[in-house]
Amino acid sequence: MTEPVFFPIATSLTLGEVASSCGITLPDGADPSRPVSGAAALETAGAGDLAYMDNPKYVEALAATAAGAVLISPRFAERVPASVVALVTPTPYHLFARILSRFFPSALRPQSAFAAQGVAPGAVVHATAVLEPGVTVDPGAVIGPGAEIGAGTVISAHAVIGPQVRIGRDCAIGAGASIQASLIGNRVIIHPGARIGQDGFGFAMSPKGHMKVPQIGRVIVQDDVEIGANSCIDRGASRDTVIGEGTKIDNLVQVGHNCVIGRHCVICAQVGMAGSTTLEDFAVLGGQVGLAGHLTIGAGAQIAAQSGVAGDVPRGARFGGYPAQPALNWARESAWLKAAVARRGRKDETPKG
């Protein structure tokens, strides 16, 4: 069996081109014509590879690396081996991502699973759907009546695009995803299995049973949003569910109906947002955070993983714990409880009599 190449290298660069792309001055003695043919982790990089390092956990890996060059933060620059070119920058990870994007552009978004162009055999496109030039539709995909899809967008195998849905240009819709009652902006990435625009969880409850409330809102996904695999974004009940420009949503996230998520938020895996929650710009939710409904997380706030949030969080605040509280209070409370348990343990071990 041959070894597959999932992400072929699209180009090669010289050390001088890497430095120029990153806005870095090469150190004295470095050869700007030296080829850089790939990028890899410190542990696996070879003489033709670029690596990066900005975390003290990888100091030993840095000392042993065989990389040709390393993007490195200033505090670790003196630890770079003499055989490795040190490209010193305060943002090594960001610049590494920039070079990776040049080497492996196909890894930036889901591609056609069929290596197809245009509408592949086996795709079903309704006669009233409108596809701009350059749209790719894989086998098994379904595009419903009145849907409109912009140029350069890829609809992967078995994705379902519902009636009247609008999808902008240069988007990627992953295999098996479904989109209904939604307006999707440009350059949006929706990973496999995501569900966008299905019913919100709305019922008028009573002792005699629960009456379903029609969900007549939409989902609005603005430009440059990324939605992870198997995440679910419910459409609004009587208002729209909104995902703001540049927001990044991890896998397995639940966004309830009427939620409004601001610009450039980061939502990690397994977060659950109950309905009508507002997340303001640049807020960050750690993994498995739970948000009660009808509350507001202020701009720039950060919530630690596994926190349960039952009330509003001020802008710029750091909260954690269950129930969530200011991070400093949470840390003090945790330390007090740990000390109390330790004292109780010592007391229980004291000999009697």
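In what follows, every heavy atom counts, from backbone to side chain, and hydrogens, waters and symmetry copies are set aside. Sequential numbering from 1 along the given sequence is applied to the chain's residues. No experiment lies behind these values; they were computed from the predicted model shown.
When all heavy atoms are compared, the tightest approach of Gly209 to Ser206 is O-OG, 2.8 Å. Nearest heavy-atom pair across Gly262 and Thr247 is O-OG1, 2.7 Å. When all heavy atoms of Ser112 and Ala116 are compared, the pair lying nearest together is OG-N, 2.9 Å. Nearest heavy-atom pair, Thr296 versus Glu280, reported as atom, atom and distance to 0.1 Å: CG2-OE2, 3.8 Å. Nearest heavy-atom pair across Ser307 and Ile303 is CB-CG2, 3.6 Å. Counting all heavy atoms, side chain and backbone alike, Val85 lies closest to Pro27 at CG1-CG, 3.8 Å.
Note that CG of Leu13 is 9.0 Å distant from CG of Leu50, once rounded to the nearest 0.5 Å. Distance check: His158 NE2 to Asp138 CG gives 9.0 Å after rounding to the nearest 0.5 Å. With rounding to the nearest 0.5 angstrom, the SG atom of Cys268 is 12.5 Å from the CG atom of Leu252. Between the CD atom of Glu245 and the CZ atom of Arg263 there is a distance of 6.5 Å, given to the nearest 0.5 Å. The CD1 atom of Ile155 sits 5.5 Å away from atom CD1 of Ile143, with the distance rounded to the nearest 0.5 Å. Between Ile267 atom CD1 and Ile249 atom CD1 the span is 4.5 Å, to the nearest 0.5 Å.
Note: the hydrophobic cluster containing Phe96 also contains Phe103 (ILVMFWY, side chain heavy atoms under 4.5 Å, direct or indirect links). Side-chain heavy atoms closer than 4.5 Å link hydrophobic residues (I, L, V, M, F, W, Y) into clusters, and following such links, even through other members, never connects Phe319 to Trp330. Hydrophobic clustering keeps Ile189 apart from Leu108 (ILVMFWY residues linked when any side-chain heavy atoms are closer than 4.5 Å, directly or through intermediates). Val271 and Tyr322 fall into different hydrophobic clusters, where Ile, Leu, Val, Met, Phe, Trp and Tyr are joined by side-chain heavy atoms under 4.5 Å apart, directly or via other members. Linking Ile, Leu, Val, Met, Phe, Trp and Tyr whenever their side-chain heavy atoms come within less than 4.5 Å leaves Ile233 and Val266 in two separate clusters.
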Distance-only check: which donor-acceptor pairs under 3.5 Å involve side-chain atoms of residues 58-74, not counting sequence neighbours?
{"residue": "Thr65", "atom": "OG1", "partner": "Leu42", "partner atom": "O", "Å": "2.8"}
{"residue": "Thr65", "atom": "OG1", "partner": "Ala67", "partner atom": "N", "Å": "3.2"}

Review item, side-chain donor-acceptor pairs of residues 175-183, under 3.5 Å, at least two apart:
{"residue": "Ser178", "atom": "OG", "partner": "Arg195", "partner atom": "NH1", "Å": "3.3"}
{"residue": "Ser182", "atom": "OG", "partner": "Gln180", "partner atom": "O", "Å": "2.6"}

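Of the possible polar contacts, none joining the Arg109 side chain to the Ala107 backbone as a donor-acceptor pair under 3.5 Å is found. No donor-acceptor pair under 3.5 Å is formed between the side chain of Gln215 and the backbone N or O of Asp199. Panel note: side chain Thr153, backbone Ala172; no donor-acceptor pair is recorded below 3.5 Å. A distance-only check finds no donor-acceptor pair linking the side chain of Asp240 to the backbone of Val242 [under 3.5 Å]. Looking at Asn186, its side chain does come within 3.5 Å of a backbone N or O of Arg169 through a donor-acceptor pair. When atom types are taken as modelled, the side chain of Glu148 and the backbone of Gly146 share no donor-acceptor pair closer than 3.5 angstrom. A distance-only check finds no donor-acceptor pair linking the side chain of Gln302 to the backbone of Gly300 [under 3.5 Å]. In this structure a side-chain-to-backbone donor-acceptor pair under 3.5 Å is missing from Ser156 to Ala113. With hydrogens and angles ignored, the 3.5 Å screen pairs a side-chain donor or acceptor of Glu132 with a backbone N or O of Ala151. Side chain of Ser33 to backbone of Thr14: no donor-acceptor contact under 3.5 angstrom is found.
For the pair Pro110/Val154, no side-chain contact is recorded, criterion being any heavy-atom separation below 4.5 Å from C-beta on. Residues Phe203 and Val213 have side chains not in contact (no heavy-atom distance under 4.5 Å, counting atoms from C-beta outward). Between Met53 and Arg79, every side-chain heavy-atom pair lies at or beyond the 4.5 Å cut-off. Residues Cys259 and Leu279 have side chains not in contact (no heavy-atom distance under 4.5 Å, counting atoms from C-beta outward). Contact annotation: the side chain of Ser106 never approaches that of Phe6 to less than 4.5 Å [non-hydrogen atoms, C-beta and beyond]. With contacts defined as side-chain heavy-atom distances shorter than 4.5 Å, the pair Val221/Ile190 does not qualify. For the pair Ile99/Cys22, a side-chain contact is recorded, criterion being any heavy-atom separation below 4.5 Å from C-beta on. Considering only heavy atoms from C-beta on, Arg239 comes within 4.5 Å of Ser276 through its side chain.
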Q: Under the side chain to side chain contact (heavy atoms under 4.5 Å, CB included) rule, what do Lys338 and Val341 come out as? Steps first, then yes or no, please.
A: CA-CA 5 Å; Lys338 184 176 181 180; Val341 169; 5.9 Å; no
Q. Can Gln198 and Asp234 be said to form a side chain to side chain contact (heavy atoms under 4.5 Å, CB included), step by step?
A. CA-CA 5 Å; Gln198 62 285 333; Asp234 294 343; 2.8 Å; yes
Q | Ile149/Val137 under side chain to side chain contact (heavy atoms under 4.5 Å, CB included): CA gap, chis, key distance, verdict | A | CA-CA 10 Å; Ile149 301 176; Val137 185; 5.7 Å; no
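Among residues two or more places apart in sequence or in another chain, the side chain to side chain donor-acceptor pair (under 3.5 Å) test is passed with Thr91 by Thr89.
A salt bridge is absent between Arg187 and Asp170: the closest approach of a Lys/Arg side-chain nitrogen to an acidic carboxylate oxygen does not fall below 4.0 angstrom.
The neighbour count for His94 NE2, taken as heavy atoms of other residues, nucleotides or ligands under 6.0 Å away, does not exceed 12. More than 12 non-hydrogen atoms from other residues, nucleotides or ligands lie less than 6.0 angstrom from CZ of Arg75. Environment of CZ in Phe104: crowded, with over 12 heavy atoms of neighbouring residues, nucleotides or ligands closer than 6.0 Å. Within 6.0 Å of atom CD in Glu43, more than 12 heavy atoms from other residues, nucleotides or ligands are found, so the atom counts as buried in its surroundings.
Side-chain atoms of Gln270 and Asp250 include no donor-acceptor pair closer than 3.5 Å.
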